[in-house]
Asks: 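The structure that follows is given in the form of structure tokens.
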Amino acid sequence: MGKLTTHVLDTAHGCPAQKMSVRLFRDGALLLETITNDDGRCDQPLLSGDALQQGRYRLEFGVAAYFKNKGVTLSDPAFLDVVVIDFGIADANSHYHVPLLVSPYSYSTYRGS
């Protein structure tokens, strides 16, 4: 059974990104909104089973709001506000893990396991 998960790491502070907003879209339609837990993960897979379908997806992470809530002084406007990751699901029976490593001025992602 396939599933989609994410994990956010705050590389500026060397910790999981707690309480960061995450929004998931498929083909432009909002599927869900959630926040990360104390480990920087979502409590449940973003999608699993029949809900995970082949197609184009977008994850949006509320980076500026997260760093502001941590007391980080950001420029106005912030260099990174919402980090958007567009990706494709080719095999709905696989596990797609999309981690985000982020600071106020940079981010990286990859397909994890």
Asks: Using a 3.5 Å distance criterion without hydrogens, assess whether the side chain of Thr36 forms a donor-acceptor pair with backbone atoms of Cys42.
Replies: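 Side chain of Thr36 to backbone of Cys42: no pair is present.
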Asks: When rounded to the nearest 0.5 angstrom, what is the spacing between OG1 in Thr34 and CG in Leu24?
Replies: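 It is 10.5 Å, given to the nearest 0.5 Å.
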Asks: Could you tell me if the side chain of Val82 sits less than 4.5 Å from the side chain of Val84, heavy atoms only?
Replies: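 Yes - at least one pair of side-chain heavy atoms lies under 4.5 Å apart.
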Asks: Hey, what do you get for NZ (Lys68) to CG (Leu74), rounding to the nearest 0.5 Å?
Replies: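 Result: 6.0 Å between the selected atoms.
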Asks: Is there a side-chain contact between Arg41 and Pro99 (heavy atoms, below 4.5 Å)?
Replies: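 No, too far: nothing below the 4.5 Å cut-off.
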Asks: Contact between Val102 and Met20 at the side-chain level, heavy atoms closer than 4.5 Å - yes or no?
Replies: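 Yes; the side chains approach each other to less than 4.5 Å.
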Asks: Just verifying a value: how many Å separate Lys3 NZ and Asn93 CG, rounded to the nearest 0.5 Å?
Replies: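 With rounding to 0.5 Å, NZ (Lys3) is 13.5 Å from CG (Asn93).
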Asks: Roughly how far, to the nearest 0.5 Å, is CZ of Phe61 from CD1 of Ile85?
Replies: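 The distance works out to 4.5 Å.
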Asks: For Leu59 and Val22: C-alpha separation, side-chain torsions, deciding distance, then whether side chain to side chain contact (heavy atoms under 4.5 Å, CB included) applies.
Replies: CA-CA 7 Å; Leu59 279 168; Val22 178; 3.8 Å; yes
Asks: Nearest 0.5 Å, what's the CG-CD1 distance between Leu47 and Ile89?
Replies: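 Taking CG in Leu47 and CD1 in Ile89, the distance rounds to 8.0 Å.
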Asks: Side chains of Ser113 and His97: any donor to acceptor distance under 3.5 Å?
Replies: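 Looking only at side-chain atoms, Ser113 and His97 do not form any donor-acceptor pair under 3.5 Å.
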Asks: Begin with the C-alpha distance, continue with both residues' side-chain angles, and end with the deciding distance and a verdict on side chain to side chain contact (heavy atoms under 4.5 Å, CB included) for His95 and Ser48.
Replies: CA-CA 9 Å; His95 179 190; Ser48 62; over 6 Å; no
Asks: Centre of Phe87's six-membered ring, under 6.0 Å away, within 45 degrees of the axis: is that where NZ or CZ of Arg58 sits?
Replies: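 Output no; distance or angle outside limits.
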Asks: Output all residues satisfying ring pair (Phe, Tyr, Trp, His ring centres under 6.0 Å) with Tyr107, sequence neighbours left out; order by chain, then residue number.
Replies: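 If we apply the ring pair (Phe, Tyr, Trp, His ring centres under 6.0 Å) test to Tyr107, skipping adjacent residues, there are no hits.
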Asks: Counting C-beta onward and ignoring hydrogens, is there a side-chain heavy-atom pair between Cys15 and Lys70 closer than 4.5 Å?
Replies: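 A side-chain contact under 4.5 Å exists here.
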Asks: Begin with the C-alpha distance, continue with both residues' side-chain angles, and end with the deciding distance and a verdict on side chain to side chain contact (heavy atoms under 4.5 Å, CB included) for Tyr57 and Asp27.
Replies: CA-CA 6 Å; Tyr57 289 83; Asp27 298 324; over 6 Å; no
Asks: Are Tyr105 and Leu101 connected in the hydrophobic side-chain network, where two residues link if heavy atoms are under 4.5 Å apart?
Replies: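 Not linked; separate clusters.
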Asks: Might you point out which heavy atoms bring Phe25 and Gly28 nearest each other, and give the distance in Å?
Replies: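 Here Phe25 and Gly28 meet closest at CD2-O, 3.8 Å.
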Asks: Is it the case that Tyr66 and Asp10 place a side-chain donor and acceptor less than 3.5 Å from each other?
Replies: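 A pair is found: one side chain offers a donor N or O, the other an acceptor, under 3.5 Å apart.
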Asks: Please say whether more than 12 non-hydrogen atoms of neighbouring residues, nucleotides or ligands are located less than 6.0 Å from CD in Gln44.
Replies: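 No.
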Asks: Between the side chain of Tyr96 and the main-chain N/O of Ala90, is any donor-acceptor distance below 3.5 Å?
Replies: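 Checked: pair present.
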Asks: Could you walk me through whether Asp50 and Leu52 pass the side chain to side chain contact (heavy atoms under 4.5 Å, CB included) test, one step at a time?
Replies: CA-CA 5 Å; Asp50 292 339; Leu52 184 65; over 6 Å; no
Asks: Do Val98 and Leu9 sit in one hydrophobic cluster, given that two such residues count as connected whenever their side-chain heavy atoms are within less than 4.5 Å of each other, even indirectly?
Replies: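 No; Leu9 is not reachable from Val98 via cluster members.
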Asks: Considering only heavy atoms from C-beta outward, does the side chain of His13 approach that of Val72 to under 4.5 Å?
Replies: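 With C-beta onward as the side chain, the pair touches.
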Asks: Look up atom CD1 in Ile35 and atom NZ in Lys19, then write down how far apart they are to the nearest 0.5 Å.
Replies: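 Nearest 0.5 Å value for the CD1-NZ distance: 7.0 Å.
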